[in-house]
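Here the structure is laid out as structure tokens; the discussion comes afterwards.
Quick note: residue numbers are just sequence positions, from 1.
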Amino acid sequence: MLKDVLYLKIANSVTEQIKSETLQFGDRLPSLRSAQKLYNVSLNTVKQAYMELESRSLVESRPKYGYYVSQTSQRKLALPSVAKMKVSEEKNSPEDLIGKVFGAIGGTDMTQFALGIPGKSLLPVAKMKKCMIEVIKRKSDSGTNYEPVQGSVGLRREIAKWSIVMEGRITEDDLVITSGAMNGVYHCLMAVTQPGDYVAVESPVYFGILQAIQLLGLKAVEIPTHPITGIDLDALKR
């Protein structure tokens with residue numbers, strides 16, 4: 001319990017410095033070792049404090065460089081309000097929402113947030129084209145053959161290397177590559193549910209999740225969601 005209080009005290013102290021603009025966007029926080037000595041606590045307590053600040057979107061981790069005050073910490077606009085659940089007499093299906101999203105996808109007078117794709121201006125298109133050509137040249141089949149059922153061995157091996165943070169207990173044989181996030185969601189739902197089961201989802205939620213639930217014969221239960229703290233656990237419990 002004492003550890004919980006300590007890491008929250010550190011996180012709240014840094015939060016106040018950011019709010020008062022003593023710490024500003026781009027400023028580097030003390031390293032984990034420096035903060036450990038500064039607050040006279042364990043290294044794990046400092047890590048918990050910094051993770052708490054990350055969850056509040058106040059700081060960001062930059063591998064090999066440390067923790068920095070994030071741009072989102074300077075947010076001036078109010079956060080979105082939590083949606084109130086209303087029972088509507090209108091029966092809208094996931095297909096209605098999907099049709100609406102893709103019907104507007106070609107519009108140039110709006111910024112598209114419905115799909116998880118980066119803006120074209122953010123992509124190094126020329127470098128990507130060059131890399132793809134180089135990869136195809138190295139492959140004897142020109143990249144047209146099927147991969148193993150579990151996915152590319154090379155990709156699975158590279159991902160398995162990250163299991164060093166889990167004491168290296170994962171190998172490429174423990175991993176399966178899916179055809180995108182939604183394919184992974186389908187597999188998870190099929191593994192843990194049966195037709196007729198209820199699935200709690202955030203509100204708002206990505207429309208593809210609603211479509212997956214419907215196609216698998218499941219029923220969605222919307223749960224109010226806060227933009228920072230996430231799903232309302234009391235509502236979920238009820």
Determine the minimum heavy-atom distance between [X] and [Y], stating which atoms define it.
X: G208; Y: M182; answer: O-CE, 3.3 Å
X: H187; Y: T178; answer: CD2-CG2, 4.2 Å
X: S203; Y: E222; answer: OG-OE1, 2.9 Å
X: A35; Y: Y50; answer: CB-OH, 3.6 Å
X: S34; Y: S31; answer: OG-OG, 2.9 Å
X: K219; Y: G196; answer: CD-O, 4.3 Å

Handout entry: Distance-only donor-acceptor check, side chains E202 and T225, under 3.5 Å
Key = no

Does [X] share a hydrophobic cluster with [Y], counting links as ILVMFWY side-chain heavy atoms below 4.5 Å and allowing steps through other members?
X: L38; Y: V59; value: yes
X: I18; Y: Y68; value: no
X: V176; Y: Y186; value: no
X: M132; Y: L155; value: no
X: Y198; Y: L233; value: yes

Exercise for the section: Determine, stepwise, if the pair K137 / E134 fulfils salt bridge (charged side-chain N to carboxylate O under 4.0 Å, His left out). Expected result: CA-CA 5 Å; K137 283 181 178 178; E134 289 176 353; over 6 Å; no

Roughly how far apart are [X] [atom1] and [Y] [atom2], rounded to 0.5 Å?
X: D197; Y: Q194; atom1: CG; atom2: CD; value: 6.0 Å
X: I10; Y: K47; atom1: CD1; atom2: NZ; value: 13.5 Å
X: C131; Y: I136; atom1: SG; atom2: CD1; value: 11.5 Å
X: I177; Y: I159; atom1: CD1; atom2: CD1; value: 4.0 Å
X: L53; Y: S70; atom1: CG; atom2: OG; value: 9.5 Å
X: Q211; Y: L216; atom1: CD; atom2: CG; value: 10.5 Å

Handout entry: Donor-acceptor pair, side chain of E172 and main chain of A160, under 3.5 angstrom
Key = no

Exercise for the section: Ignoring hydrogens and angles, tell me if any N or O in the side chain of D27 forms a donor-acceptor pair with the backbone of Q24 under 3.5 Å. Expected result: yes

Handout entry: Residues L58, V14; criterion side chain to side chain contact (heavy atoms under 4.5 Å, CB included); working and verdict
Key = CA-CA 9 Å; L58 295 177; V14 176; over 6 Å; no

Handout entry: Residue pair Y7, M51: steps toward the side chain to side chain contact (heavy atoms under 4.5 Å, CB included) verdict
Key = CA-CA 10 Å; Y7 92 81; M51 287 173 65; over 6 Å; no

Problem - side chain to side chain contact (heavy atoms under 4.5 Å, CB included) between I170 and R156, worked out - result: CA-CA 10 Å; I170 293 177; R156 284 188 281 126; over 6 Å; no

Any side-chain heavy-atom pair of [X] and [Y] under 4.5 Å:
X: V201; Y: I213; answer: yes
X: R138; Y: V135; answer: yes
X: E60; Y: V69; answer: no
X: Y39; Y: K9; answer: no

If you count the non-hydrogen atoms of other residues, nucleotides and ligands that lie under 6.0 Å from [atom1] in [X], is the total more than 12?
X: R33; atom1: CZ; answer: no
X: F25; atom1: CZ; answer: yes
X: N40; atom1: CG; answer: no

Practice task
Using the test side-chain contact (heavy atoms from CB on, under 4.5 Å), find all partners of A235 that sit at least two apart in sequence or belong to another chain.
Solution key: I223, P224, D232, R238

Problem - Criterion side chain to side chain contact (heavy atoms under 4.5 Å, CB included) on L8 and E52, from CA distance to verdict - result: CA-CA 8 Å; L8 285 175; E52 174 67 21; 4.1 Å; yes

